[in-house]
Structure formats: C-alpha cells, structure tokens
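To start, the structure itself, in structure tokens.
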Amino acid sequence: MAPTPPGSSQPADLPVHPGLTGPVLTSPQSKRIKEAGKLLKRPWRNKTGHFLVEGPQAVREALAQGAPVVDAFMTAESAERQPDLLELAAQRRLRLRQIADELLPLISDTVASQGVVLIGEQRTAELTSVVTSQARLLVVLSQVRDPGNAGTVIRVADAADADGVIITSNSVDAFNPKVVRSTAGSIFHLPIVTGVGLSEVTELARARGQQVLAADAHPPAHDLHVPWDTGLDLSRPTLWVFGSEAHGLPESDRALCDSAVRIPLYGRAESLNLATAASICIYESARSQLL
C-alpha cells in the first residue's frame, strides 16, 4: 500500500473521480465532516446561518439559482450518475469534494443518501419585501411543525407561482434538512420569510390590500368550490393561512383572518392532510386569478 501523503485521510492510491476534488474524505474525524454533521441540528444551523442541501434535484436548483455555497461533497458513484451537477459546479467554479460512501450517514438524515450534499448559506426575505401591494398570492404556515408538509407546501406555492411563503416563528425550521429536501429545489425559487408572528403578517397583508383567508373547516366557513354563494371572491389578492397538522388553526389565529374556507369532502374520508388541503386551496386561488 502506498504511503499516506501529509494532510490526507486515505491511502495515496485511492482513486479520485476526475470531476471531483481530492483527497477523498474518508475519516469521520475530518473537521469538514464534523461541521457538516452538526447542521443536522437546528441550534447549529441557527448559530452558523448554514444548512444542508441534499439530493440531486435540490443541489441542481441551488447551483442553477446561484445560491451561496459554503462547502460541497459528492461520492464518485453520484458523480457518474449526475454529470450535469459537475458541469453546473464547474460553471460556478465550485469544487465538489469527493467523499467516501460510508461517511454519508454522518451528514445526512436519509436512510439511503443519493450521494451529494451541499452546505449553503441561509437566505430569507424581509416581510415587507414580500407582502406588498403587488403580491397576488401569498402562503402562511402557522404552527406547522411537520417538515415534510412544510416542504411540500413550499413546492406547491412555487408551482402555483405564489409571491412568497411565510413561516411563522412557532413553526418548523425552514432550513430543516427534510423541509429543504421536500421542496425539491423550490426553496431556491421564491422568497421565504421566517421568524415572524401571525398577527404581524395578517395586519400588513390587510394594509397592502390582500384578503386573509384561513383554511379551516369549522363553521362559519365558505365552501371553496362554490365561494360565490357566500360572497367570497377568490380572484382577489389573497394571503392563505394554514395551521398545524393535528389541530388546524386555533381560534386565536382564525380570529386574525377575514374569513374561513373549507374544502368539501365528497367521500368518507374524515379530513385531508395539511399539504393536500394547502395544495387545493392555493391552486384554486391561482386558477381564479387567471380567469
């Protein structure tokens, strides 16, 4: 076996993929790996302002959108499968450090990592730059704590061409790895506001000309499919407020909204999950505004 060069954590003859940067990271004691692994926890993300971006699609969008990157890791196998990521990284003059497969569990919370992880810098928008008089469709997550649901709603908002997503201070961290992964890259497409209170959001939205609608099935509530029967105009600029997965919106949050809207259930299902309900409401608004 060839000798290990100074500063390297693996034998000199361990192959480096031609599109990646060596030496290959193989030691779990590597400072870079340890720092990346700490970002799986919210306190370290808050302290550093960094977060993990995992998986080809999320990484692809981060690179394509010019998101600031602190560090980047990729396995040789992933580099073979995703040559377009190497090209995007080269265009950004970003070095993708080759990592051994066995280190992936230290910097990933997935069962089967796809072999590419970036460390990005958190970028959030100011509330006043998102809730403007020009905004037509805005989405608020209040007391939403499931990261998969939060990420899916961000993705739906992006697909419906919403003007932004606002995540209140009592909700899941927008930069939780599962949130980021669930957005499938949409977190890099539209402005995200975090760390605000619902009352602040609804007050500003109303002042900027948006109607504030709570997605809530409890009466009194407009029927989403026949809103005109009760005088609701979904073609107006709208800020939608969605509540927690388990309990929906508490009365105090609903009181901050102008009206409540329910989705009719035609079958025997008791309810819809948050991401599904949000998707229906967001798209109904988008459709009505296009008519």
Side-chain angles (χ1 to χ4, degrees), residues 2 4-41 44-45 47-124 151 154-155 158 174-189 192:
T4 301
S8 177
S9 59
Q10 80 292 318
D13 59 357
L14 192 65
V16 177
H17 187 282
L20 300 175
T21 299
V24 184
L25 294 172
T26 60
S27 172
Q29 301 307 314
S30 163
K31 182 179 179 181
R32 299 174 79 173
I33 296 300
K34 286 184 174 181
E35 294 294 303
K38 290 179 184 178
L39 293 173
L40 292 168
K41 302 297 184 181
W44 193 250
R45 293 195 298 270
K47 180 177 181 179
T48 62
H50 298 161
F51 70 110
L52 296 172
V53 182
E54 183 181 357
Q57 181 58 26
V59 168
R60 183 176 293 111
E61 293 307 312
L63 295 176
Q65 298 301 317
V69 176
V70 177
D71 209 345
F73 309 96
M74 196 174 196
T75 64
E77 182 182 358
S78 181
E80 288 296 321
R81 293 197 310 265
Q82 310 291 339
D84 65 310
L85 296 184
L86 301 180
E87 184 177 340
L88 282 171
Q91 292 171 5
R92 292 275 309 272
R93 296 181 177 172
L94 175 68
R95 303 173 76 182
L96 289 167
R97 173 74 69 173
Q98 186 170 330
I99 182 175
D101 290 36
E102 57 267 25
L103 296 188
L104 288 171
L106 301 179
I107 61 172
S108 167
D109 65 348
T110 62
V111 175
S113 173
Q114 296 182 68
V116 57
V117 180
L118 300 186
I119 297 177
E121 290 186 8
Q122 297 181 21
R123 289 288 186 267
T124 56
I154 291 172
R155 185 176 181 181
D158 178 27
F175 298 100
N176 176 297
K178 188 173 181 180
V179 173
V180 177
R181 197 164 54 250
S182 297
T183 72
S186 288
I187 197 169
F188 302 109
H189 294 168
I192 308 291

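The structure displayed is predicted, hence computed values, not measured ones. Numbers here are sequence positions counted from 1.
Glu87 meets the salt bridge (charged side-chain N to carboxylate O under 4.0 Å, His left out) test with no other residue; sequence neighbours excluded. When the salt bridge (charged side-chain N to carboxylate O under 4.0 Å, His left out) test is applied to Arg81, the partners found at least two apart in sequence or on another chain are Glu77. For Ala58, the side-chain contact (heavy atoms from CB on, under 4.5 Å) partners at least two apart in sequence or on another chain are Val53. Under the side-chain contact (heavy atoms from CB on, under 4.5 Å) criterion, Gln57 pairs with Arg60, Glu61, Ala184, not counting sequence neighbours. Remark: Lys34 pairs with Gln29 by the side-chain contact (heavy atoms from CB on, under 4.5 Å) rule, at least two apart or across chains. Residues meeting the salt bridge (charged side-chain N to carboxylate O under 4.0 Å, His left out) test with Glu121, sequence neighbours left out: Arg123. Here Arg32 pairs with Asp71 under the salt bridge (charged side-chain N to carboxylate O under 4.0 Å, His left out) rule; sequence neighbours left out. Partners of Pro105 under the side-chain contact (heavy atoms from CB on, under 4.5 Å) rule, at least two apart in sequence or in another chain, do not exist in this structure. For Phe51, the ring-ring contact (aromatic ring centres under 6.0 Å, His included) test picks out Phe175, with sequence neighbours left out.
Between Phe73 and Ile119 there is a side-chain heavy-atom pair separated by less than 4.5 Å. Looking at Gln65 and His189, their side chains come closer than 4.5 Å, going by heavy atoms from C-beta outward. Residues Ile107 and Leu40 fail the side-chain proximity criterion, which asks for heavy atoms closer than 4.5 Å.
Gln82 places no side-chain N or O within donor-acceptor distance of the main-chain N or O of Pro56, the cut-off being under 3.5 Å. Under a 3.5 Å cut-off, the side chain of Arg92 and the backbone N or O of Ala67 do form a donor-acceptor pair. At distances below 3.5 Å, not a single donor-acceptor pair connects side-chain atoms of Ser78 with backbone N or O atoms of Met74. Arg97 places a side-chain N or O within donor-acceptor distance of the main-chain N or O of Gly22, the cut-off being under 3.5 Å.
Residue pairs that meet the side chain to side chain donor-acceptor pair (under 3.5 Å) test with at least one member in residues 101-110, sequence neighbours left out, are Glu54-Ser108, Glu54-Thr110, Ser108-Thr110, Asp109-Arg181.
Neither side chain, His50 nor Glu35, offers a donor N or O lying under 3.5 Å from an acceptor on the other.
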